[in-house]
Amino acid sequence: MPKQMSYHDIREVFRRFHEAEPEPKGELDHTNVYTLVVAVALSAQATDVGVNKATKDLFPIADTPQKMLDLGEEGLIEHIKTIGLYRQKAKNVIKLSQILVDEFGGEVPSSRAALESLPGVGRKTANVVLNMWWNVPTQAVDTHIFRIGNRTGIAPGKDVVAVERAVEDHIPAEYLQHAHHWLILHGRYVCKARKPVCGNCLIRDICPFEDKNL
């Protein structure tokens, strides 16, 4: 495991991220908190671009739990069948919609525990929803953040929960709200898994990663 990056270096990393993109945004299209939950749940093992294509025609007709139930599982499948694991995801979306209607009055709950009680909603999905909708500085650790956290030493950890805790513990408070978006976008477009684009990296002089491709 790499050495934990120093406070001063981490602060400079996120100062640069902030300077380059002060208000980073998630790339999943949604119209309200319910469609955000659905979009994030559908995005597991799928690309945001693929999910957005599938939900482009779905969300205008099913943007509440009850409308999704009215559409039904088979109707939902017709919209999301281009997404991996679409049958299981359709089952989960219908089940979570039913629970929202039966137990939460059709409203999406705003606690991590309540969100995680919904089928197909894990800790990462809950953190995304809490961060993007309720502006809670939660950290949704995906493969990009896990890789960057360990590759750079910004937030090293043996598993996603450890990396999440490292992000929360080591990144200065003023940058926590957008931290996971900056890291995800950096991992998606620059610090890629197989061929990191180190020549275009904002933090190349700070990052200890040795395989710097020019």
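Values below: all heavy atoms of this structure, side chains included; hydrogens, waters and symmetry mates excluded.
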Restricting to non-hydrogen atoms, name the atom on [X] and the atom on [Y] that form the minimum distance, rounded to 0.1 Å.
| X | Y | answer |
| --- | --- | --- |
| D159 | A162 | OD1-N, 2.8 Å |
| L176 | V167 | CD2-O, 3.7 Å |
| L130 | S110 | CD2-O, 3.3 Å |
| T82 | A54 | OG1-CB, 4.2 Å |
| I145 | A140 | CD1-O, 3.2 Å |
| F209 | P196 | CE2-CG, 3.7 Å |

Check whether any side-chain heavy atom of [X] sits under 4.5 Å from a side-chain heavy atom of [Y], and report yes or no.
| X | Y | value |
| --- | --- | --- |
| T125 | L115 | no |
| F14 | L183 | yes |
| S97 | V101 | no |

Going by the angle between their ring planes, with limits at 30° and 60°, are F17 and H186 parallel, tilted or perpendicular? tilted
I need the [X] [atom1] to [Y] [atom2] distance, nearest 0.5 Å.
| X | Y | atom1 | atom2 | value |
| --- | --- | --- | --- | --- |
| L36 | H30 | CG | NE2 | 4.5 Å |
| I154 | C207 | CD1 | SG | 7.5 Å |
| N200 | C191 | CG | SG | 12.0 Å |
| L202 | R15 | CG | CZ | 10.0 Å |
| I61 | T64 | CD1 | OG1 | 11.0 Å |
| K89 | S43 | NZ | OG | 7.0 Å |

Just distance, no hydrogens or angles: give the donor-acceptor pairs under 3.5 Å from side chains in residues 65-76, sequence neighbours left out.
from, atom 1, to, atom 2, distance (Å)
Q66, NE2, D70, OD1, 3.0
K67, NZ, D63, OD1, 3.2
E73, OE2, K91, NZ, 3.4

Partner of V51 under side chain to side chain contact (heavy atoms under 4.5 Å, CB included), picked from L58, V38, L42, is L42
Would you say [Y] ends up clustered with [X] if hydrophobic residues are merged whenever their side chains have heavy atoms under 4.5 Å apart, either directly or through other cluster members?
| X | Y | value |
| --- | --- | --- |
| L85 | L28 | no |
| V93 | F104 | yes |
| V128 | V163 | no |
| V40 | V160 | no |
| I171 | Y7 | no |

For this session: Please report the C-alpha distance between I10 and Q4 in whole Å, then the side-chain angles of each, then the deciding distance to 0.1 Å, and finally whether the side chain to side chain contact (heavy atoms under 4.5 Å, CB included) criterion is met.
Result: CA-CA 10 Å; I10 290 176; Q4 172 67 54; 3.5 Å; yes
Test item: [X] side-chain N/O and [Y] main-chain N/O as donor-acceptor pair under 3.5 Å:
| X | Y | value |
| --- | --- | --- |
| W182 | E21 | yes |
| D29 | T55 | no |
| N131 | V136 | yes |
| E27 | V49 | no |
| R112 | R123 | no |
| D9 | M5 | no |
| N127 | V141 | no |

field: M132/H181 under side chain to side chain contact (heavy atoms under 4.5 Å, CB included): CA gap, chis, key distance, verdict
entry: CA-CA 10 Å; M132 291 181 62; H181 277 134; 3.6 Å; yes
Residue set satisfying ring-ring contact (aromatic ring centres under 6.0 Å, His included) with H180, at least two apart, ordered chain then number -> none
Short N-O contact, [X] and [Y], less than 4.0 angstrom:
| X | Y | answer |
| --- | --- | --- |
| E164 | K124 | no |
| E19 | R16 | no |
| E174 | R11 | yes |

Please check if atom CZ in R165 has more than 12 non-hydrogen atoms from other residues, nucleotides or ligands closer than 6.0 Å. no
Show your working on side chain to side chain contact (heavy atoms under 4.5 Å, CB included) between W134 and V108 and close with a plain yes or no.
CA-CA 11 Å; W134 282 290; V108 174; 4.0 Å; yes
